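These numbers come from the heavy atoms of this one structure, side chains and all, not from hydrogens, waters or symmetry mates. Residues take their numbers from the sequence shown, with the count starting at 1. Computed from a predicted structure; not experimentally measured. Numbering of ligands and ligand atoms starts at 1, following listing order.
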Amino acid sequence: MQIIEVKDYEEMSLKAAQYILNKVKNKNKMVLGLATGSTPQGLYSHLAWDHQKNNTSYTNVTSFNLDEYIGIPPSDPTSYFYYMYERFFSHIDRVNENAHIPNGLASDLDEECKRYEHLIQVAGGIDLQVLGIGRNGHIGFNEPGTSFESPTHVVELTNSTRQANARYFDTIEKVPTHAITMGIKTILKSREILLLASGESKQNALVHLITGEITEQFPASALKHHSNTTVIADEVALHGVKQLHPR
Ligand code: PGA
């Protein structure tokens with residue numbers, strides 16, 4: 001696992017954007033795995049700005065988002081569908097059919113999970129998957145205890161995740177209890193992984209990710225089984241790791 005330390009959130013976002021742009025510009029065809037949450041917002045702003053300035057084209061890019069809430073319509077500002085269109089997709093020249101997000105309104109959710117997994121396979125697998133990390137080590141919505149062998153599946157969100165995401169909703173009761181997420185196995189099949197982390201709230205998660213054991217109780221530790229993972233994290237997020245391993 002390669003660790004790139006940056007000064008702050010802004011530098012993390014810029015570095016991540018450069019990393020992705022380098023691939024988007026140099027590949028004829030690219031499959032990108034995308035994340036939501038507060039961490040990648042700056043990344044999407046940079047990519048949107050770059051498109052406006054340099055006209056970088058995304059018509060060669062197929063994307064798959066990690067997850068979506070169950071029961072929230074795409075038109076609802078708290079849906080991940082809305083987030084992606086608002087922050088990124090509406091600012092670039094993507095091809096509509098090439099931008100995939102799990103359908104949290106599907107009448108048969110298990111069938112939707114299979115369909116999503118199949119779509120990723122048909123696209124040739126994910127070239128580069130962007131990830132954030134939850135305070136409890138979740139990646140996507142794979143909560144502690146999720147099997148490392150899990151494909152795309154329906155999850156029940158933990159209280160800590162619902163509380164962390166309550167800031168986007170009027171009340172905690174409105175935070176969905178379930179979501180569809182790519183599984184850990186799906187994520188690990190990506191040819192390359194880019195995990196972003198910023199700020200104090202991620203310190204403990206990075207200590208576990210970088211120095212801790214591999215365990216299903218800490219989903220992100222599965223990334224240690226992956227041979228091409230890069231972490232871009234800022235100084236504050238890496239503070240705990242550096243105290244354990246001062247240079
Ligand atoms: P955040 O969420 O980017 O909003 O901190 C990360 C995550 O929960 O995966």
Side-chain angles (χ1 to χ4, degrees), residues 6 8-17 20 32-47 64-70 72 77-84 86-88 101-102 104 126 128-146 150 152-153 155-169 172 175-184 186-188 190 193-210 217-223 226 229-234 236-240:
V6 292
D8 52 18
Y9 180 82
E10 175 55 24
E11 198 183 338
M12 176 198 76
S13 305
L14 183 61
K15 266 235 160 17
I20 290 170
L32 199 50
L34 296 174
T36 50
S38 22
T39 308
Q41 284 182 19
L43 158 66
Y44 295 135
S45 302
H46 277 292
L47 294 179
F64 289 92
N65 265 76
L66 279 171
D67 43 20
E68 178 61 287
Y69 290 121
I70 288 175
I72 304 269
T78 60
S79 73
Y80 287 168
F81 184 98
Y82 193 97
Y83 171 113
M84 289 309 300
E86 185 80 355
R87 299 187 182 281
F88 187 35
I101 301 175
I126 293 171
L128 174 63
Q129 174 66 55
V130 177
L131 294 178
I133 183 168
R135 289 167 219 200
N136 62 5
H138 72 211
I139 45 175
F141 271 135
N142 292 287
E143 300 283 20
T146 307
S150 56
T152 300
H153 63 288
V155 285
E156 179 169 4
L157 303 178
T158 60
N159 278 339
S160 88
T161 297
R162 291 184 70 233
Q163 270 158 16
N165 291 1
R167 62 191 190 277
Y168 299 110
F169 295 81
I172 179 90
V175 183
T177 54
H178 290 77
I180 294 180
T181 184
M182 271 186 209
I184 295 186
T186 325
I187 292 171
L188 290 183
S190 310
I193 291 173
L194 182 63
L195 185 143
L196 309 179
S198 166
E200 199 179 335
S201 66
K202 302 299 165 75
Q203 281 178 1
N204 289 342
L206 286 191
V207 167
H208 197 141
L209 172 66
I210 295 167
Q217 292 313 314
F218 191 82
S221 65
L223 299 175
H226 192 276
T229 293
T230 300
V231 175
I232 304 181
D234 66 15
V236 176
L238 282 170
H239 182 71

Participant: May I ask you to test the Leu131-Leu194 pair for a side-chain heavy-atom distance under 4.5 Å?
Facilitator: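 No, too far: nothing below the 4.5 Å cut-off.
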Participant: Applying ring pair (Phe, Tyr, Trp, His ring centres under 6.0 Å), name anything that partners Phe81, two or more places apart in sequence or on another chain.
Facilitator: Tyr85
Participant: Does Ser150 reach the main-chain N or O of Thr146 with its side chain, forming a donor-acceptor pair under 3.5 Å?
Facilitator: no
Participant: With sequence neighbours excluded, what pairs up with Tyr82 under the ring pair (Phe, Tyr, Trp, His ring centres under 6.0 Å) test?
Facilitator: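 Ring pair (Phe, Tyr, Trp, His ring centres under 6.0 Å) check on Tyr82 returns nothing, list empty.
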Participant: Select all protein residues for which some heavy-atom-to-ligand 1 distance is less than 4.0 Å, and list them by chain and number.
Facilitator: Gly37, Ser38, Thr39, Gly132, Ile133, Gly134, His138, Arg167, Lys202
Participant: Is the count of non-hydrogen atoms from other residues, nucleotides or ligands lying under 6.0 Å from Asn136 atom CG greater than 12?
Facilitator: yes
Participant: Which pairs of donor and acceptor atoms, one on a side chain in residues 196-203, lie under 3.5 Å apart (sequence neighbours left out)?
Facilitator:
{"from": "Ser198", "atom 1": "OG", "to": "Asp234", "atom 2": "OD2", "distance (Å)": "2.6"}
{"from": "Lys202", "atom 1": "NZ", "to": "Ile133", "atom 2": "O", "distance (Å)": "3.1"}
{"from": "Gln203", "atom 1": "NE2", "to": "Val236", "atom 2": "O", "distance (Å)": "2.8"}

